[in-house]
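Notes follow the structure.
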Amino acid sequence: QVQLVESGGGLVQAGDSLRVSCAASGRTLSDYIMGWFRQAPGKEREFVAAISWGSGITYYADSVKGRFIISRDNAKNTVYLQMNSLKPEDTAVYYCAAALRWVVRNMRPSDFGSWGQGTQVTVSS
């Protein structure tokens, strides 16, 4: 189990930018894929972006491709999600998640075994 703590959520206007952070426990993350998911009221939890810690390879949902950027800081064991050109439909609780890379098949929530508490992102029109 990896301990994850998100921060950086808030209330912004459509078109603005926001960066959320996820601090992981001090263990080595070279064997992990770190992902961001989001969940809006009444909707399923959905994949947003992920990064393979060891290789740096990134993955994005079509809905955020070209607007969001996922990155990592090896020294700080922290993953970031830079969100640009935010839209009201981006409003959700954003969760950080971790999974051993060999168990991830389709970037589904069930593939990830460790989760943070979530941070609220609200985008007004």
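Hydrogens, waters and symmetry mates are skipped; everything else that's a heavy atom, side chains included, is used.
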Open item on the list: On a heavy-atom basis, which atom in Ala14 and which in Ser125 lie closest, and how many Å separate them?
Closed with: CB-CA, 4.4 Å
- [ ] Would you indicate whether the side-chain heavy atoms of Val123 and Gln13 approach each other to under 4.5 Å?
- [x] no
- [ ] Keeping to residues at least two apart or across chains, list the side-chain hydrogen bond (donor to acceptor under 3.5 Å, both in side chains) pairs with something in residues 91-114.
- [x] Arg38-Tyr94
Open item on the list: Please report the interatomic distance CG(Leu81) to OG(Ser21), rounded to the nearest 0.5 Å.
Closed with: 9.5 Å
TODO: In sequence, state the C-alpha distance, the side-chain angles, and the governing distance for Thr78 and Arg72, and then conclude on side-chain contact (heavy atoms from CB on, under 4.5 Å).
DONE: CA-CA 6 Å; Thr78 299; Arg72 73 200 192 299; over 6 Å; no
Open item on the list: With heavy-atom distances below 4.5 Å as the criterion, would you say the side chains of Asn77 and Leu29 are in contact?
Closed with: yes
Ignoring hydrogens and angles, write down the donor-acceptor pairs under 3.5 Å from the side chains of residues 54-61, residues two or more places apart or on other chains.
unit_1	atom_1	unit_2	atom_2	d
Ser55	OG	Ser52	OG	3.3
Ser55	OG	Ile57	N	3.3
Tyr60	OH	Ile70	N	2.9

- [ ] Would you check if the side chain of Glu6 reaches a backbone N or O of Cys22 as a donor-acceptor pair within less than 3.5 Å?
- [x] no
Task: Stepwise side-chain contact (heavy atoms from CB on, under 4.5 Å) check, Thr119 with Val93 - done: CA-CA 5 Å; Thr119 186; Val93 176; over 6 Å; no
Task: All pairs passing salt bridge (Lys or Arg N to Asp or Glu O under 4.0 Å) where residues 116-125 contributes a residue, at least two apart - done: none
Open item on the list: For a 4.5 angstrom cut-off between non-hydrogen side-chain atoms, does Tyr80 reach Val20?
Closed with: no
Task: Thr122 side chain to Leu11 backbone, donor-acceptor under 3.5 Å - done: no
Task: Side-chain heavy atoms of Cys96 within contact of Val79, under 4.5 Å - done: yes
Task: With sequence neighbours excluded, residues passing side-chain hydrogen bond (donor to acceptor under 3.5 Å, both in side chains) with Asn84 - done: Ser17, Gln82
- [ ] Indicate the atoms forming the closest heavy-atom contact of Ala92 with Gln120, along with that distance.
- [x] O-NE2, 3.5 Å
Task: ring-ring contact (aromatic ring centres under 6.0 Å, His included): pairs with one or both residues in residues 18-46, sequence neighbours excluded - done: Phe37-Phe47, Phe37-Phe112, Phe37-Trp115
Task: Trp53 and its side chain to side chain contact (heavy atoms under 4.5 Å, CB included) partner, picked from Asn74, Asp31, Ile33 - done: Asn74
Open item on the list: Applying side-chain hydrogen bond (donor to acceptor under 3.5 Å, both in side chains), can you list everything that pairs with Lys65, at least two apart in sequence or on another chain?
Closed with: Asp62
Open item on the list: Is there a side-chain contact between Ile69 and Met83 in this structure, where contact means two heavy atoms from C-beta onward sitting under 4.5 Å apart?
Closed with: no
Task: Over all atoms of both residues, closest heavy-atom pair of Ala24 and Leu4 - done: CB-CD2, 3.7 Å
